[in-house]
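Single-structure report; data block below.
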2 protein chains.
Amino acid sequence: MIKDDNILYDLAELFKVFGDSTRIRILFSLFEEERCVSDIAQTLSLTQSAVSHQLKILKQSKLIRSRRDGKQIYYSLADDHVRSIIGQGLEHVEE
Amino acid sequence: MIKDDNILYDLAELFKVFGDSTRIRILFSLFEEERCVSDIAQTLSLTQSAVSHQLKILKQSKLIRSRRDGKQIYYSLADDHVRSIIGQGLEHVEE
DNA sequence: TGAACATATGAATAAATGCTCATATGTTGA
DNA sequence: TCAACATATGAGCATTTATTCATATGTTCA
């Protein structure tokens, strides 16, 4: 399997996004259902600002998507790739 | 699926290791076969020192293993988890 | 329209981290 | 044993990055 350096660079960028405990915890909090920003912040004991900053990064990486409902914005996992990647990682960590 | 914060922390640490282009390129260079340090360095146009430092991190994370053969030390992927994780990541990046 | 609420964002700071340089450790063969 | 080679390692530096604080943007409802 031969891969272009550009693809490997993108791949590293992707894993870098997963490689932060705040972001992983945010992603994990979205495993079951969508959540709004203040909900995530409260659940994880984080600042609203900190959560927003990380949500932005997660969104730019297309790992989550959002929808507005009134004053709140609900975030959810973008697709099952996110679950698969985290699942594979967990297998390695949990053994 | 409920996960302990400690496990999520470990998970982030794991992804952090994958989240560097040098380390990803090293891992990728080991996909087919084991390689010694100088070989990796030459193939990827990196310093011997830089490679050694990163190999140490990869080894501590149990992503690679090593065996000595004379003056050289050959590194190889630790198990198929590494391939799986990278594979899942590639699916997301390549679409 | 204007408070009150929810979220986003920019700047600044502190901490983490990858690379380089110099050098140490380990191995072989003469 | 010692020179030559392969790899490992520590310190220092430069860059990246996560968080905080202050504030801006966007939405609702009275």
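Each chain gets a letter, A, B and so on, in the order the sequences are listed, and its residues count up from 1. Just so you know, these numbers come straight off a predicted model, no measurement behind them.
B:Tyr9 and A:Phe15 fall into different hydrophobic clusters, where Ile, Leu, Val, Met, Phe, Trp and Tyr side chains are chained together by heavy-atom contacts under 4.5 Å.
To the nearest angstrom, C1' of C:dT7 lies 16 Å from CD of A:Glu34. When rounded to the nearest whole Å, the span between CG of A:Leu44 and C1' of D:dT19 equals 15 Å. Rounded to whole angstrom, the span from the CG atom of B:Leu46 across to the C1' atom of D:dA8 amounts to 16 Å. Atom NZ of B:Lys71 and atom P of D:dA6 are 6 Å apart (whole Å). Rounding to whole angstrom units, CZ of residue B:Arg35 and P of D:dT7 are separated by 13 Å. One can place CD1 of A:Ile73 at 18 Å from P of C:dC5, the figure rounded to the nearest angstrom. Rounded to whole Å, the distance from CG on B:Asp39 to C1' on D:dC5 is 16 Å. Regarding B:Gln72, its CD atom lies at a distance of 21 Å from the P atom of C:dT25, rounded to whole Å.
Nearest to the side-chain atoms of A:Arg68 among the listed nucleotides D:dT7, C:dT20, D:dG26 stands D:dG26. Here D:dG10 is the nucleotide among C:dA8, D:dA18, D:dG10 with the atom lying nearest to any side-chain atom of B:Lys56.
Proximity of a side-chain donor or acceptor of B:Ser29 to a complementary backbone N or O of B:Ile26 within less than 3.5 Å is detected. Side chain of B:Arg35 to backbone of B:Ile40: no donor-acceptor contact under 3.5 angstrom is found.
Both A:Glu13 and A:Asp69 sit near DNA chain D, but only A:Glu13 has its closest nucleotide nearer the 5' end.
Within the 4.0 angstrom heavy-atom criterion, base atoms lie near B:Ser52. Here A:Lys59 lies out of heavy-atom contact (under 4.0 Å) with every strand. A:Tyr74 comes within contact range of no nucleotide atom at all, as no heavy-atom separation falls under 4.0 Å. B:Ser49 comes within contact range of at least one nucleobase, with a heavy-atom separation under 4.0 Å. Within 4.0 Å (heavy atoms only), B:Ile40 reaches no atom of the nucleic acid at all.
Distances shorter than 4.0 Å separate none of the side-chain N or O atoms of B:Tyr75 from OP1 or OP2 on D:dA6. Between B:Gln54 and C:dC19 there is a side-chain polar atom (N or O) within less than 4.0 angstrom of OP1 or OP2. Phosphate contact (OP1/OP2 of C:dT7, side-chain N/O of A:Ser38, threshold under 4.0 Å): present.
The closest side-chain donor-acceptor pair between B:Gln88 and B:Ser84, if any, does not fall under 3.5 angstrom. The closest side-chain donor-acceptor pair between B:Ser38 and B:Gln42, if any, does not fall under 3.5 angstrom.
If you check distances only, the side chain of B:Gln48 never reaches the base of D:dA6 with a donor-acceptor pair under 3.5 Å.
Taking a centre distance below 5.5 Å and an interplanar angle below 30 degrees as the stacking criterion, A:His53 does not stack against the six-membered base ring of D:dT19.
The aromatic rings of B:Phe31 and B:Phe28 lie parallel to each other, with less than 30° between the two planes, well short of the 60° mark.
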